[in-house]
Amino acid sequence: MLRAMKILAPLIAAAALSSGASPGFAQDPINDNFADRVELTGVPVTAFGENLNATKEAGEPNHGLNLGGGSVWWTWTAPTAGIFEIDLRASAFDTLLGIYTGNAVDDLIPLVFNDDASVVPQVVQSRALVSLKAGETIHIAADGFGDGTAFANGDIQLDIRLGPAGPSNDNFASAIDLGSVLGISVNGNNVNATREIGEPGPS
C-alpha cells in the first residue's frame, strides 16, 4: 500500500513536481550533467543543491530503479579506507540515490543505489553504505522520484560520513577460510555489509 500511494503522489501533489523544462528565467543546476559534477573533498562533508529544472541525460541509469527525471551529480574520493554512509535524508523531497564508478554517463558501473531509506517507518529520502579503499573515487547522483518526465524536486542536502562497521568478512580480502571439511556450518549476518568497487552485481 505504501508503494502504491507513493506512485500516485506525483499525480496528486503536482506543485511538488517539475517537468524538467526550464521556463526561460530559471537556471538549470550547475551540476545537472554528469560532465559538470561537483567535486567534494574530505569526510565528513555536506553539500547543498537542488534539482529544480534538472534533466536526465541520454543513457543515464535509472537511479534507485526508478525513472526519476531530474538528477544532479557530485564526485568524491575517499580520503581513507572504510565504510561510508551517503545520505540524502535531510533533503526536502522524495529522493533517489545512485552511486557509481566510470567515466561516462552512459557507461557507469553501479555500486549501490537506494530509493527509500526506510519503509517502516516510511522515509522517502535515500541512504546507502559503500565500502571504499583510500583514493577510490565514486560519482553520486541525486534524483527525484518520478515517471521520467514529472519528478519530485526541491532542496538537496548530501551528507557523507564514516558509517557503521560491517561484518568482519564484509570485503573479499577479509573472506573467512572455511577449510575443506564437508558439512561445515557457520553463523553470520550481513548487517551494514557493503558492495566493493569491482564486485560482481547488477549491470
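Residue numbers run from 1 in the order of the sequence given. Computed over heavy atoms, backbone and side chain alike; hydrogens, waters and symmetry mates excluded.
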Pairwise side-chain contact, F145 with T95, heavy-atom cut-off 4.5 Å (strictly under): no
Any N33 side-chain heavy atom under 4.5 Å of W73 side chain: no
Within one Ile-Leu-Val-Met-Phe-Trp-Tyr cluster: I86 and Y100, side-chain cutoff 4.5 Å: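 Looking at the clustering, Y100 is in a separate group from I86.
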Which heavy-atom pair separates [X] from [Y] by the least distance, and what is that distance?
X    : Y    : value
N66  : K56  : O-NZ, 4.5 Å
F34  : G102 : CZ-O, 4.1 Å
I156 : S91  : CA-OG, 3.5 Å
Q122 : D116 : NE2-OD2, 3.3 Å
T46  : F48  : CG2-CZ, 3.6 Å
L97  : S126 : CB-CB, 3.5 Å

Report yes or no: do Q157 and D159 form a side-chain donor-acceptor pair below 3.5 Å? yes
Would you say the side-chain atoms of S71 and E60 include a donor-acceptor pair closer than 3.5 Å? yes
Atom CG in N114, atom CZ in R127: separation rounded to 0.5 Å?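 Going from the CG atom of N114 to the CZ atom of R127 covers 8.5 Å.
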